[in-house]
Amino acid sequence: SAPIDGQRRLLSRVHARGRAGAKTTRTCAGESSMSSSSSAAMDIQQKIEALRRENEALRAELSAGALRAMKMSTPEARVETKVETPVVVEEVKEVSERAAGDVGASASAFEELPPAYEGTSSYASESRMEDILVADVTPEAAVETVEESANGDEAPHAVDTAMFAEPVPEREAVVTEAAMPTKTVIKTENPMQIVFVTSEVAPWSKTGGLADVCGSLPQALVARGHRVMVIAPRYLNQTKNDKLYEGAFDTCVKSKLGCFGAAHEVGYFHQVRNGVDYVFVDHPSYQRPGGLYGDSFGVYGDNQFRFTLLAHAACEAPLVLPFTDMGGRYGDDVVFVANDWHAGLVPTLVASKYRKHGVYNNARTICAIHNILHQGVEPATTFPNLGVPDEWYGTMEYQYPEHMRAHELDKGLVVNILKGAIATSDRVLTVSEGYAYEITTPEGGKGMEDLLLSRKHNLDGIANGIDMDEWNPEADPDCAAPYSVVDLGGKLECKRALQKELGLPVRDDVPLMGFIGRLDWQKGPDLLQAALHDMMREDVQVVMLGSGLPELEDFMRWAEQTYKDKFRGWVGFSVPMAHRITAGCDILLMPSRFEPCGLNQLYAMRYGTLPIAHATGGLKDTITAHNSFGDVEKVLSGTADLQAGEGVGTGWLFNDMNSDALMWAIRSACDVYRNNPKMWRAMQTQAMTQDLSWDAAGLKWEQIFEW
């Protein structure tokens, strides 16, 4: 076993050196963009050649160790290893040659590539070599390994499909220090106390992108030196997520909140995670079977009450929670960030109830709109229940136009919580610049356009970031193989594994397109339904993942039965499958009618999957349209000036919401995929080298707080 241990150590060194070489290549590419001198280029080439020679020496040593191990084995094993020995040597040679081609990145290398990708990943070659070398491990050790893998697997997901041929097992990714470089975050010179109020926060409660924002952005702000508290309900819905709240302790602080004609007592649970104070409001109304906002019978009838409690409790939390030995009370010098209508009463309460008593005079309130479609509208007669002084009724009153009223005697008067938040907050913020403009128009404002237009000088938009650790193609445990921008071979293996798992023909030359999202009017799956026959005439494969409207779920089942070699539909949702689709597909389809920001296109670009999207809201802001006149060589070398138009783009956008426009974008993307692999690789490079982190987004949020 000693030679085998030595071989494993050598494998680790080879793997780490390969990652370090990739890191050095990226660093060198960044340096070359700042200097155009030929001497810098020569230095880069020398470093690459030195790394290449060192890798080849290590691999030669590894091969010699493998041969020695074979000589020490039993006669029976010796017979078998005589057959396997040439395979090991050949694979070492193959890996070394491929590494040289990848690092060199010469123009001639691209001509030899199959459509879109390089051949088999060097990561996979190392994995296969390790499988051969550990063949002599004792059965007991093998059993232990299997048991550990089984214990670490996630619970299987319920799936409504019969399409799977052979499931691909989920595996753990090996993460080296070279694969995860440390990030340097510059501390702010003006630290603030920031309080996020939200109806959901990942990982404790989640239905959409709001939870991701409130789970990740606060951590980025803490890294900058701010003190941040996130306040959300403590949901106990009799699901597996209930266990996530076990890490929060009861503060034993109670608040009696005046609303809905009584004094309602709530408690506070506290948990610190990555420096953020997560506070969960405890009340029986948050403890019921079902979802966060409704169950199988529809939305809960007491949602106005539940989130009125949340807003009142959030206003009290900075004043009453002691945080002993953890910085003390926040006090009233804070910045409130009220997310969507569920927290929309916070700015109204601060302005109407607290400031007149000298509390929160120095506080700032931000109304963050993630989706203006949901506004917290209830009959006007419910206003006295909200705990807002009567004289502030006008800030929340809204009257529907005549064509939207129930009958002639209906005056259309309602209480609109989001309207009150927009009117009383110090600043209004949306999740993209494009969406900030769209909500000031009749098409996108949903009745709030006039009010928002009057506040346009206090209206801003900032695109969301993503969790770069959770969505990391170099260390994704849900994917078949790791890969990076300097070695995309693993992506091809992810594609093959996905095709095999879905029972589709395993073909490298066919574009594999994916859709991930809710099956509803906003996300536009009906546009895919309308264009399906045209898509199926093309040589493509399509996989859809999502749930929602029954008629669209039935469409996915029908399409799978009709186009058995080209279409697969997964009715439901699975986070591991979402990762595998994002990594394995070549193209991501996002035909949303409107999209405040969108996260799937950011995940896709991070994984080198190019998006095709409707040019709306955050999709238009975050996707750079394909530029056939861009400088491919400069993009691949990392020296392109994107501001000067030298970029090649990161995807395709279509303006008209119809099947003809969608098919134009699909055909354009497929043409590049098949006929210009070098351009496709350059687009992947531009997409994967963007800074999509919350660190970049956090700096922009910070500027809003400091206005």
Side-chain angles (χ1 to χ4, degrees), residues 116 431-438 444 461-466 485 511 513-517 523-524 527-528 531 535 538 540 582 585-636 638-692 696:
V431 288
S432 69
E433 293 182 10
Y435 194 59
Y437 165 75
E438 289 179 4
I462 300 174
N464 289 334
I466 61 174
V485 68
M513 301 188 295
F515 170 89
I516 304 172
K523 298 298 182 181
L527 185 60
L528 300 181
M535 277 194 286
E538 305 290 330
V540 299
T582 302
C585 283
D586 305 300
I587 298 168
L588 182 76
L589 301 173
M590 292 195 69
S592 302
R593 284 181 169 80
F594 70 93
E595 194 67 67
C597 178
L599 293 174
N600 285 340
Q601 82 278 12
L602 303 179
Y603 301 148
M605 290 187 289
R606 168 82 163 138
Y607 279 63
T609 301
L610 304 183
I612 294 177
H614 182 215
T616 182
L619 300 179
K620 184 170 58 177
D621 289 350
T622 56
I623 300 171
T624 304
H626 171 55
N627 175 21
S628 58
F629 301 100
D631 195 320
V632 172
E633 298 294 344
K634 287 187 175 181
V635 171
L636 291 171
T639 60
D641 185 350
L642 303 183
Q643 302 299 324
E646 294 180 348
V648 294
T650 61
W652 286 263
L653 297 169
F654 59 95
N655 293 314
D656 299 326
M657 192 66 185
N658 58 55
S659 57
D660 290 338
L662 172 63
M663 286 307 303
W664 169 84
I666 290 175
R667 292 188 180 106
S668 299
C670 292
D671 178 67
V672 175
Y673 179 88
R674 291 192 178 94
N675 301 320
N676 197 343
K678 194 172 182 181
M679 171 65 78
W680 188 273
R681 175 64 184 269
M683 293 183 70
Q684 290 179 307
T685 300
Q686 184 173 332
M688 297 178 73
T689 53
Q690 298 176 101
D691 186 359
L692 303 175

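Hydrogens, waters and symmetry mates play no part in the numbers below; they use all other heavy atoms, side chains included. This structure is a prediction, so every number in the text was calculated from the model and none was measured.
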- Message: For a side chain to side chain contact (heavy atoms under 4.5 Å, CB included) check, start with the C-alpha distance between Tyr673 and Val540, then their side-chain angles and the critical distance, and finish with the verdict.
- Response: CA-CA 11 Å; Tyr673 179 88; Val540 299; over 6 Å; no
- Task: First locate atom CE of Met688, then atom CZ of Arg606, and finally report the distance between them rounded to the nearest 0.5 Å.
- Result: 7.5 Å
- Item | Side chain to side chain, Leu662 and Ile612, heavy atoms closer than 4.5 Å | yes
- Item | Point-to-point distance, once rounded to the nearest 0.5 Å, from OG1 of Thr650 to NE2 of His626 | 11.5 Å
- Query: Under the 3.5 angstrom rule, does the side chain of Asp621 hit a backbone N or O of Glu433 as a donor-acceptor pair?
  - Reply: yes
- Task: Kindly say whether Gly617 contributes a backbone atom to a donor-acceptor pair with the side chain of Glu438 at under 3.5 angstrom?
- Result: yes
- Message: Measuring from atom CG of Leu602 to atom CG of Leu692, what distance do you get when rounded to the nearest 0.5 angstrom?
- Response: 5.5 Å
- To the nearest 0.5 angstrom, please state how far the OG atom of Ser432 sits from the OH atom of Tyr437. 13.0 Å
- What's the spacing between Asp671 CG and Trp680 CH2 if we round to 0.5 Å? 10.5 Å
- Query: Does any N or O in the side chain of Asn658 come within less than 3.5 Å of the main-chain N or O of Asp660, such that one atom is a donor and the other an acceptor?
  - Reply: yes
- Query: Taking all non-hydrogen atoms of both residues, which atom of Asn464 and which atom of Cys597 are closest, and how far apart?
  - Reply: N-SG, 3.4 Å
- Heavy atoms only: give me the nearest Ala613-Ile623 pair and the separation to one decimal. CB-CD1, 3.7 Å
- Non-hydrogen atoms of Leu642 and Gly647 that approach each other most closely: CD2-CA, 3.5 Å
- Message: Donor-acceptor check, side chain of Asn627 to backbone of Gly649, threshold 3.5 angstrom: yes or no?
- Response: no
- Least distance between heavy atoms, Ala669 atom then Ile587 atom: CB-CD1, 3.9 Å
- Glu633 and Lys678: salt bridge (Lys or Arg N to Asp or Glu O under 4.0 Å), yes or no, with the steps? CA-CA 9 Å; Glu633 298 294 344; Lys678 194 172 182 181; 2.2 Å; yes
- Query: Between Pro611 and Met605, which heavy-atom pair has the shortest distance, and what is it?
  - Reply: CD-CG, 3.9 Å
- Under 3.5 Å, is there a donor-acceptor pair between the side chain of Gln690 and the main chain of Ala687? yes
- Message: Let me confirm one number: the CG-CD1 distance from Leu599 to Ile516, rounded to the nearest 0.5 Å.
- Response: 11.5 Å
- Task: Please report the shortest heavy-atom distance between Ala625 and Leu653, naming the atom on each side.
- Result: CB-CD1, 4.3 Å
- Taking Thr609 for its side chain and Cys585 for its backbone only, find out whether a donor-acceptor pair lies under 3.5 Å. yes
- Task: Only one of Gln601, His614, Lys523 passes side-chain hydrogen bond (donor to acceptor under 3.5 Å, both in side chains) with Glu595; say which it is.
- Result: Lys523
- Message: Could you check whether any side-chain heavy atom of Trp652 comes within less than 4.5 Å of a side-chain heavy atom of Val672, counting everything from C-beta outward?
- Response: yes
- Item | Step-by-step side chain to side chain contact (heavy atoms under 4.5 Å, CB included) determination, Thr616 to Met657 | CA-CA 10 Å; Thr616 182; Met657 192 66 185; over 6 Å; no
- Task: Indicate yes or no: at least one non-hydrogen side-chain atom of Thr582 is less than 4.5 angstrom from one of Leu588.
- Result: no
